[in-house]
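If you're wondering where the values come from, they're calculated on a predicted model, not measured in any experiment. One-based numbering along the sequence shown. In listed order, ligands and their atoms are each counted from 1.
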Amino acid sequence: MLISEIETKHILTHSKVPGLGYSINPYVGCQHACVYCYARFMKRFTNHEEPWGQFVDVKTNSLDVFDKDILKVKSGEGAFIASVTDAYQPVERKYKLTRSILERIADLPPDLFRNGFAVSILTKSDLVLRDLDILKRLEKISVGFSIAMTNETVCRLFEPRCSPIRQRIAALKTLRDAGIRTYAFINPILPGITDLPAIFAALEGVVEYVCGETLNMRCGNLTDVLHAVSLFNEDLRPSFDLNIRSRNYWKSVEREFYELSQKHSIPVNNFFHHIDSEHSY
Ligand code: SF4
C-alpha cells in the first residue's frame, strides 16, 4: 500500500448531491479496495501505476484549505463526505483529517451559517464512531453506511477491507441511539448476490431511510466484478452477466425495493439507475 502526502487547492468541491452543494474528499484513492468501486476513475487524475485500492494520497493541507473554501459557501449549503473515497478508511486513524474537518464545521460561527451547515457522511467503516462526540455537536448531520450484501464471506470477496456488515449495522444502531439521523445506501445491487429482503430486515429500526443504486459499469470495473462473481459461484456468472444489462431486470429490482420499503416501513429517498444503451438490452 503506497501512502503519499500531497497538497490540494480545494477541499470543498461542487457536488450534485441533492441539498448539499459540496463534497469533501480528504483522500485520493481508497484502501477499502472494493472490486466494483466506481471511484477508480480518479486514478486518471493521479500519477499512480498501482491498482485501485493500493494507493492513497493524503491531502495534508485539508484544514488550511477548508478555512479558505468555507468563506465562499453560502448559508444553507452543506457537504457530502465523501464522494470518491471513504473518509473513514484505515489511514484516517493516523491522519484524522475527517475528524479535524468535522471539528471545524462544528465550530463554524452561527452568524455565518444561520441555517446550519448540513453534513451527510457515507462510509463502510465503523471508525466513524470514533467521532461520535463531534457528530453530536453538528446541527444538521446524517450518517449512512453502504450495504450491498449480508453474507460476510461474500463481503470479503467484493469489499475486502471494509468493516464487516454486522459491524456496520451495529454502528448504525449506535448512531441512531445517540440521536444521529442514519440511512443506508444499498449499493451496488448485485444480481443473485444482493439479498434485498435480508438487508431490509437487518435495517429495520436502525435507519431513517434508504437509497438504492444499480451497478455502475461505466468506470472499468466490470472485469474485476465478474472475476469476484466467478470466485463466489462460477455458475452464477452467465445470469449475472445477463441481468446487469437487462432493463427489465432492473425494473423488477426497483419494484421489489419499493415493496420492501413499504413492508419494513423504511422510506426510499432515492433509487439510482446506471443503465445506458451501451451496456443494456
Ligand atoms: S469504500 Fe467506497 S470509495 Fe472506497 S473502494 Fe469501496 S466503493 Fe470505493
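Ion pairing between a basic and an acidic side chain is recognised when a charged N comes within 4.0 Å of a carboxylate O; Asp126 and Arg168 show no such pairing. Salt-bridge formation is detected for the pair Arg99/Asp131: a Lys NZ or Arg NE/NH1/NH2 atom is positioned less than 4.0 Å from an Asp or Glu carboxylate oxygen. Using a 4.0 Å cut-off between charged side-chain N and carboxylate O, Arg137 and Asp133 make no salt bridge.
For ligand 1, the atoms lying closer than 4.0 Å to a non-hydrogen atom of Cys37 are 3 (S), 5 (S), 7 (S), 8 (Fe). Atoms of ligand 1 lying under 4.0 Å from at least one heavy atom of Lys124, given by number and element, are 1 (S), 2 (Fe), 6 (Fe), 7 (S). The ligand atoms of ligand 1 that sit less than 4.0 angstrom from a heavy atom of Trp52 are 5 (S). Near Ala33, meaning under 4.0 Å from any of its heavy atoms, are these atoms of ligand 1: 5 (S).
Of all protein heavy atoms, the one closest to atom 1 (S) of ligand 1 is His32 ND1, 3.4 Å. Of the protein's heavy atoms, Cys30 SG, 2.3 Å lies nearest to atom 4 (Fe) of ligand 1.
Neither the backbone nor the side chain of Thr123 comes within contact range of ligand 1; no heavy atom lies under 4.0 Å.
Taking 2.8 Å as the criterion, Cys34 does not count as a coordinating residue of atom 4 (Fe) of ligand 1, since none of its N, O or S atoms falls below it.
The aromatic rings of Phe55 and His48 lie parallel to each other, their planes meeting at an angle below 30°, with 60° marking the opposite boundary.
In plain terms, the two heavy atoms of Trp52 and Gly29 that are nearest each other are CH2-CA, 3.6 Å.
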Worksheet item: Does the salt bridge (Lys or Arg N to Asp or Glu O under 4.0 Å) test come out yes or no for Lys263 and Glu204, once each step is laid out?
Response: CA-CA 10 Å; Lys263 181 180 170 192; Glu204 218 174 275; over 6 Å; no

